Amino acid sequence: MATIVCYDIHGNAVPVAAEAITFRPAVYGIFIENNQVLLQKQPQTDLWHPPGTMLTTSDPPTQVIRHYFRQITGLTPLIGSLLFVEDQYFLDEERRAWKLSAMYYGLERPLTTATSLTESEEASQTQWVPLTDLQREQFQFGYEAVQAGKLQQKL
C-alpha cells in the first residue's frame, strides 16, 4: 500500500494511504500595491497565507477569487495572470487528507475604488503587510507565489 506524506497545520509530517487522499483545486489571490501584500493569518499557527479558498467541481477559479475578495475587502478585483501553481498535501482539523492544486492569481484594484476590509471572520485575520517585512518562515503557505507577484510587478 503506497503512502503519501501529508502535513498538518503545524507542519508535522503524517503518512497517509494514497487512496485516502481527496483531490481538490484551490485558488488564492496575490494582491500587491504600495509595496504591501494583502495576507491572512492562520489563527492556530499565527502564520501568513494569501487569501483564497478551495473550489467545488464546477467553480471557475477566477470567479471564486473575485467573489472571495469582494467578501473580505468590499471590492471586486481585476484578475491578472496566473502567477504560480503548486500541489499541497495536508490534513485538515478533522484529520481528512487532501491534495490541493493551488492556483495563485495576481489581482489588481479596479480604477477609482478604495479597499476597506469588511466585518467577516476571514477579514478579521486579513492585513496589509509590508513586503520588506516578509520572510519564508512567517508563511503557512504561498511565499513563492508572493515572490512571483513581486517579480511580475518588478519590485
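Note that these values count all heavy atoms, side chains included, but never hydrogens, waters or copies made by symmetry. Position 1 is the first residue of the sequence; numbering continues from there. The structure presented is a predicted model; accordingly, all values stated were derived computationally and were not measured.
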Legend entry - Same apolar cluster: F141 and L131, side chain cutoff 4.5 Å: yes

Inset, instruction - Mind running side chain to side chain contact (heavy atoms under 4.5 Å, CB included) on F139 and L47 for me, showing each step along the way? - result: CA-CA 5 Å; F139 275 77; L47 296 173; 5.9 Å; no

State which residues pass side chain to side chain contact (heavy atoms under 4.5 Å, CB included) with [X]; sequence neighbours excluded, sorted by chain then number.
X	result
P15	T3
I9	Q42, Q44, T45, E93, Q140
T76	R66, R70

Inset, instruction - Give the intermediate values and the outcome of side chain to side chain contact (heavy atoms under 4.5 Å, CB included) for residues L38 and T126. - result: CA-CA 7 Å; L38 193 64; T126 306; 3.5 Å; yes

Inset, instruction - Go through the side-chain N and O atoms of Y143 and Q135 and say whether any donor and acceptor fall under 3.5 Å apart. - result: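 There is no such pair between these side chains.
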
Inset, instruction - Compute whether any side-chain donor of one residue and acceptor of the other, for H67 and Q71, lie under 3.5 angstrom apart. - result: yes

To the nearest 0.5 angstrom, please state how far the [atom1] atom of [X] sits from the [atom2] atom of [Y].
X	Y	atom1	atom2	result
Y68	L55	OH	CG	12.5 Å
Q36	N34	CD	CG	6.5 Å
I21	F90	CD1	CZ	11.0 Å
L107	I65	CG	CD1	6.0 Å
Q125	I72	CD	CD1	11.5 Å
F31	E108	CZ	CD	8.5 Å

Inset, instruction - Kindly determine whether Y104 and E144 satisfy side chain to side chain contact (heavy atoms under 4.5 Å, CB included), including the steps that lead there. - result: CA-CA 10 Å; Y104 298 87; E144 292 84 2; over 6 Å; no

Are [X] and [Y] close enough that some pair of their side-chain heavy atoms sits under 4.5 Å apart?
X	Y	result
P130	W128	no
D87	L100	no
Q127	L39	no
V146	W48	no
P77	R109	no
V14	Y7	no
Y105	T62	yes

Inset, instruction - Write out all pairs satisfying side chain to side chain donor-acceptor pair (under 3.5 Å) with one or both partners inside residues 20-29, taking only residues at least two apart or from two chains. - result: none

Got a donor-acceptor contact below 3.5 angstrom from the [X] side chain to the [Y] backbone?
X	Y	result
D59	P61	no
Q88	A102	no
S81	L83	no

Inset, instruction - Take L91 and V16 through the test side chain to side chain contact (heavy atoms under 4.5 Å, CB included) and record every step on the way to the result. - result: CA-CA 9 Å; L91 292 174; V16 176; 4.0 Å; yes

Atom of [X], atom of [Y] and distance for their closest heavy-atom approach:
X	Y	answer
P25	M103	CB-CE, 4.2 Å
G142	P50	CA-CD, 3.8 Å
I4	A18	CD1-CB, 4.1 Å

Legend entry - For N12, side chain to side chain donor-acceptor pair (under 3.5 Å) partners two or more places apart: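 Listed in chain order: D8.
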
Legend entry - Residues that, via side-chain heavy atoms closer than 4.5 angstrom, fall in one hydrophobic cluster with L78: none

